[in-house]
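To keep things clear, I will list the structure first and then write my remarks on it.
Atom set for the values below is all heavy atoms of this structure, side chains included, hydrogens, waters and symmetry mates excluded. Protein chains get the first letters and strands the later ones, always in sequence-line order, with residue 1 at the start of each.
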There are 2 protein chains.
Amino acid sequence: MLTHAAEDYLKSIYKLQEKGGKVSTGILAEYLEVKPASATGMIKKLKTMKLVRYERYRGVTLTATGRAIALEIIRHHRLLELYLFKALGVPWDGVHEEAEKLEHVISEDVEARMDEFLGYPTADPHGAPIPDKNGVVVKTASIPMTDLQDGQSCVVAEVSDNDSALLRHLGSFNLYPGTAFRVIEVAPFEGPFTIDIAGQQVVIGREVAKHVFVDQVQDPDNV
Amino acid sequence: MLTHAAEDYLKSIYKLQEKGGKVSTGILAEYLEVKPASATGMIKKLKTMKLVRYERYRGVTLTATGRAIALEIIRHHRLLELYLFKALGVPWDGVHEEAEKLEHVISEDVEARMDEFLGYPTADPHGAPIPDKNGVVVKTASIPMTDLQDGQSCVVAEVSDNDSALLRHLGSFNLYPGTAFRVIEVAPFEGPFTIDIAGQQVVIGREVAKHVFVDQVQDPDNV
DNA sequence: CCTATAATTTAGGCATGCCTAAATTAGTTT
DNA sequence: AAACTAATTTAGGCATGCCTAAATTATAGG
Ligand SMILES: [Mn+2]
Ligand SMILES: [Mn+2]
Ligand SMILES: [Mn+2]
Ligand SMILES: [Mn+2]
């Protein structure tokens with residue numbers, strides 16, 4: 001069995017690999033809130049375990065085995081988030097922190113029981129996809145809200161889950177995955193978004209909008 | 001916050017203190033499956049934190065603070081066992097191992113939510129009392145089954161929870177907390193117990209009987 | 001091509017928590 | 001009272017995983 005720290009590194013490498021392409025020591029260290037020297041040390045350990053590919057100064061990549069473990073931990077995390085949310089009523093801005101600790105500790109049996117209880121779900125409370133038991137993830141085609149234009153309609157697909165205050169803020173607007181809204185106006189010069197959610201007019205700052213990803217984008221009906 | 005290891009030591013000292021009286025380094029080390037030298041090291045650390053009283057060669061005792069932490073962890077453990085059992089259907093011989101890891105990791109919020117879900121329970125699936133949120137435990141007056149005499153009736157109050165195979169064995173006889181039975185015969189020379197559970201006649205070895213504690217003992221009706 | 005800068009790695013340290021082996025102490029036996 | 005035995009403590013080591021500071025390497029600009 002891997003240590004919690006090693007699992008966190010694999011999970012982080014996976015996520016960074018998805019976003020950008022190459023995962024440098026510095027990026028990884030920053031993401032994990034650790035010094036670069038520490039990241040180098042762990043990367044070397046993971047390499048001897050054949051969980052990553054690594055050449056010094058060249059960045060790090062997951063091997064098939066490393067990727068499988070990363071997905072397993074991510075599955076734990078997201079199932080836990082949804083379970084805590086649905087079964088125990090933990091608010092959506094609290095589940096991430098909780099799952100961050102639990103993900104390393106639950107058994108395969110408990111994982112399977114939560115999965116069954118939840119009806120084999122495919123997304124967590126923030127809209128992130130839950131890898132299935134074989135490590136298969138469905139890639140979503142969502143785009144950042146900041147790419148939207150005046151008049152377009154869409155549905156929230158996913159929001160960043162690691163900032164509790166941001167989640168509370170989004171919650172105050174009812175901006176959950178599944179919520180539909182229409183862009184009324186995008187203010188020029190990197191300005192805020194004015195949107196219509198179920199008749200309510202709401203202003204969303206650009207920094208916040210960066211963390212909201214949307215789906216099913218439709219252009220305005222021509223009048 | 002304390003480390004998992006420190007929490008386990010406090011919990012173990014508490015339990016050993018309850019059973020016998022004085023907790024020696026050796027007893028503690030054996031209980032934790034660790035070498036005596038390791039126990040000495042941790043005991044010293046706990047002493048500097050004022051969680052235990054300790055004079056070398058004289059054994060260790062919890063301070064009020066140490067006891068409060070021990071009870072908090074035990075509360076986590078037992079609430080988790082019952083929650084896993086009732087909410088997720090984890091079998092009673094599996095909950096202990098699972099709770100052993102989770103107890104160090106759940107938040108006070110999740111603890112409170114499980115407590116509410118379970119209706120503020122007072123005993124875990126093995127009959128052990130769950131300390132309340134203020135660290136108050138109700139001492140049970142149960143006695144070991146090995147103290148029973150021919151003809152006596154009683155109700156199972158508690159069983160040891162740390163041996164999975166033993167629990168499965170007890171389960172096969174329906175010997176759960178709350179189950180009533182009557183002693184038909186105690187074989188002489190440290191022999192086995194023949195008992196009657198709901199009309200079924202069952203033979204229980206002495207080694208097994210040592211791990212079963214009973215309540216509401218009634219002498220045989222005089223004919 | 002050579003050098004400056006920024007990223008990365010190496011070297012050395014510290015805290016935890018375990019271990020083995022050797023030294024010490026308590027308690028019992030003669 | 002001295003000696004033995006068993007428990008306990010001390011000393012020294014090892015693995016993790018983090019840190020800081022110093023050395024190295026890549027890369028881009030002159
Ligand atoms: Mn799993
Ligand atoms: Mn999430
Ligand atoms: Mn608690
Ligand atoms: Mn129990």
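- One can place CG of B:D8 at 10 Å from P of C:dG17, the figure rounded to the nearest angstrom.
- Using cut-offs of 30° and 60° on the angle between ring planes, the pair A:H4 and B:H4 is perpendicular.
- If you take NZ of B:K35 and P of D:dA7, they are 14 Å apart, rounded to a whole angstrom.
- Screening A:L32, A:V60, A:L28 against A:L16 for a side-chain contact (heavy atoms from CB on, under 4.5 Å) leaves a single residue, A:L28.
- Judged by distance alone, with hydrogens and angles left aside, B:Y57 brings a side-chain donor or acceptor within reach of the base of C:dT24, the pair sitting under 3.5 Å.
- Remark: A:T25 is not in phosphate contact with C:dA7, judged by side-chain N or O atoms under 4.0 Å from OP1 or OP2.
- Summarising the geometry, the separation between CD on B:E33 and P on C:dC18 is reported as 12 Å, rounded to the nearest angstrom.
- The shortest distance between the side-chain N/O atoms of A:S24 and the OP1/OP2 oxygens of C:dA7 is not below 4.0 Å.
- Distances shown here put a side-chain N or O of B:Y9 below 4.0 Å from the OP1 or OP2 atom of C:dC18.
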Please lay out, stage by stage, how B:E158 and B:S142 fare under the test side chain to side chain donor-acceptor pair (under 3.5 Å).
CA-CA 8 Å; B:E158 187 176 344; B:S142 55; 4.9 Å; no
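- Where B:K22 and A:V34 each meet DNA chain D at their nearest nucleotide, the meeting point lying more 5' is that of B:K22.
- Rounding to whole angstrom units, CG of residue A:L32 and P of D:dC19 are separated by 10 Å.
- Set against C:dT20, D:dC18, D:dT24, the side chain of A:S38 has D:dC18 as its closest nucleotide.
- The closest side-chain donor-acceptor pair between B:H96 and B:E81 falls under 3.5 angstrom.
- The interatomic distance linking A:E30 (CD) with C:dT8 (P) rounds to 11 Å, in whole Å.
- Side-chain contact between A:D124 and A:V95 is absent, with no heavy-atom pair separated by less than 4.5 Å.
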Test A:T63 against A:R67 for side chain to side chain donor-acceptor pair (under 3.5 Å), laying out the working first.
CA-CA 6 Å; A:T63 62; A:R67 192 185 123 99; over 6 Å; no
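- Between the side chains of A:E111 and A:H76, at least one donor-acceptor pair of N or O atoms lies under 3.5 Å.
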Dump every N/O contact between nucleotides 10-16 of chain D and the protein below 3.5 Å, one line per pair.
unit_1 : atom_1 : unit_2 : atom_2 : d
D:dT10 : OP2    : B:K44  : NZ     : 2.2

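- Per the geometry, CD1 belonging to A:I27 stands 10 Å off P belonging to C:dA7, to the nearest Å.
- Within the structure, a side-chain polar atom (N or O) of A:R58 is placed less than 4.0 Å from OP1 or OP2 of D:dT27.
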